[in-house]
Amino acid sequence: MREMTDFSGGVFHTSLADGRAAAEIQVTSVGLVARTTDDQVFEIPFGECQLDVGGASGRMVFCRTHDRQLTIFCEHKEFPAALELESVGEVSDELARLFRRNRHEAHHWRMWLLATAAVLMIGLIGGYYTLLAVARASVHALPLSVDQKIGKLALEAMDFDGPPVNDPVVVDAVKQIVARLEPHTGLAGLTFEVRVIDSATVNAFCLPGGKVIVNTGLLKMAQSPEQVAGVLSHEMAHAVKRHGLQRVTESLGIVVAIELMVGDVGGLLALGVELGKTAALTSYSREHETEADLVGVRMLHAAAIDPLELANFFERLKKQDGDLPAAIAWISTHPQHDVRIAAIRGQLENLGPREYRDLDIAWEDVQQHLKPLQGK
């Protein structure tokens, strides 16, 4: 009998408090067994295991069930070999293909950057704007720790409209919504932190690195937790697609752009404070907003939350007082409401049938706990 080795890793599953948890993983002769620190056990047989390789290091191995409701992941260097050994070759070809693909993509990216840099060195005059474009593209090659540092700096620099809310009924409801969405972001290693602010302004946003800020004004306006999930899926999508970092690079100077290309992110981090002062007040580009809509709808669909609730929330805000009140900051920074509502409905037709499940949140109870808040 082979001696099984425990590997440190983790689990994504909706039954977990935050949607994910650290776990010790065993590779057995029939599949994977993951045990969390609170002794919850999750299993995936090899026959039901869909493999993927990625993460910030490019070496994280993900094993998902066919319905993608459960994911077990591990970055240990000996984990792939254990999978091959215990599966008796059942997953060998797939692992080899995935690692070859990652190596090819990494090599292709490095060669592309080198070739671009060489061209720019030759054509200094005409290459200025091209260099800045390459710097913006380089955002996707940066580790997520950069997003997290910028998000932390931004959060510390912001002046909020009100104090933080500590009522567990309100805060836990928002955390539950985020936890339902988080396993379906498609970006391994990105986790989200929630802060609720007592402010009448109908607004929510997500800073780089996953700092989610939600005003009580938005929670009071929403008729259901699913409508809040629609708004947050869009804002979380900005962090998933790293739009905040791309916005910063749009104002980079030539020196900082070169630093970014060679992996020096000091100049980028220095602009994080400025990002924090303007993140909630300025809008993304139309391209970024459209992409966030599409990614957000896919996240909702994958999490079995009806994406039409986002369209319904748009409709509700539009009808408020006949026109848009000044306090509704969220929709005022997201133009072309009718076009986006139509796009959401059109996208659903391409996603295929899905049985949606209501969030297990007593929304009337949340609304009762919101009433005593000042919302100034």
Side-chain angles (χ1 to χ4, degrees), residues 4-87 91 94-95 98-99 102 142-149 151-152 172 175-194 206 208-212 232-233 236-237 239-240 242 295 298-299 302-304:
M4 291 184 293
T5 303
D6 286 347
F7 297 97
S8 295
V11 176
F12 287 122
H13 194 265
T14 55
S15 67
L16 296 168
D18 295 320
R20 62 178 290 162
E24 291 297 314
I25 303 168
Q26 281 191 337
V27 185
T28 72
S29 59
V30 295
L32 301 182
V33 179
R35 184 181 297 275
T36 65
T37 54
D38 59 354
D39 287 331
Q40 293 189 67
V41 177
F42 298 88
E43 301 181 13
I44 303 180
F46 285 125
E48 299 179 16
C49 183
Q50 294 184 338
L51 293 175
D52 197 5
V53 174
S57 67
R59 297 189 299 272
M60 183 84 74
V61 177
F62 300 87
C63 179
R64 299 183 175 92
T65 55
H66 293 298
D67 60 7
R68 304 180 73 84
Q69 293 298 307
L70 170 62
T71 300
I72 297 175
F73 58 91
C74 179
E75 197 173 16
H76 195 285
K77 63 181 180 180
E78 296 181 5
F79 187 64
L83 285 176
E84 292 188 42
L85 180 65
E86 295 296 341
S87 69
V91 299
E94 182 66 7
L95 276 173
L98 291 171
F99 278 108
N102 272 22
L142 295 175
L144 283 173
S145 60
V146 176
D147 304 62
Q148 292 160 353
K149 289 177 182 177
K152 182 176 182 296
D172 289 350
K175 287 183 176 180
Q176 185 175 338
I177 294 169
V178 171
R180 177 85 166 261
L181 293 166
E182 184 173 326
H184 306 285
T185 61
L187 182 58
L190 180 62
T191 58
F192 294 86
E193 299 177 22
V194 170
C206 185
K211 308 287 188 183
V212 179
L232 295 188
S233 70
M236 290 165 68
V240 170
R242 310 180 82 174
V295 173
R298 286 199 296 269
M299 286 168 55

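Atoms considered below: every heavy atom in the structure, side chains included; atoms not considered: hydrogens, waters and symmetry mates. None of the values given here were measured: they were computed from a predicted structure.
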Quick one: closest heavy-atom pair of [X] and [Y], and the distance?
X: Leu187; Y: Val240; result: CD2-O, 3.4 Å
X: Val27; Y: Ala82; result: CG1-O, 3.6 Å
X: Cys206; Y: Ala239; result: SG-CB, 3.7 Å
X: Pro80; Y: Val61; result: CG-CG2, 4.0 Å
X: Ala23; Y: Val11; result: CB-CG2, 3.8 Å
X: Asp52; Y: Arg64; result: CB-NH1, 3.5 Å

Supply the atom-to-atom distance [X] [atom1] to [Y] [atom2], rounded to the nearest 0.5 angstrom.
X: Thr71; Y: Arg20; atom1: OG1; atom2: CZ; answer: 10.5 Å
X: Glu43; Y: Gln26; atom1: CD; atom2: CD; answer: 10.0 Å
X: His184; Y: Thr14; atom1: NE2; atom2: OG1; answer: 7.0 Å
X: Phe79; Y: Glu84; atom1: CZ; atom2: CD; answer: 11.5 Å
X: Met60; Y: His76; atom1: CE; atom2: NE2; answer: 13.0 Å
X: Ile44; Y: Ile72; atom1: CD1; atom2: CD1; answer: 4.0 Å

Does [X] reach the side chain of [Y], with side-chain heavy atoms less than 4.5 Å apart?
X: Met236; Y: Val178; result: yes
X: Ile177; Y: Arg180; result: no
X: Thr185; Y: Met299; result: yes

Can you see whether Gln50 engages Thr65 through a side-chain donor-acceptor pair at a distance of less than 3.5 angstrom? no

Within a 6.0 Å radius of atom CD on Gln69, are there more than 12 heavy atoms belonging to other residues, nucleotides or ligands? yes

Can you tell me which residue among Thr36, Val33, Leu32 is in a side chain to side chain contact (heavy atoms under 4.5 Å, CB included) with Phe42? Thr36

Let me see the working for Phe46 and Leu83 under side chain to side chain contact (heavy atoms under 4.5 Å, CB included), right down to the final yes or no. CA-CA 9 Å; Phe46 285 125; Leu83 285 176; 3.9 Å; yes

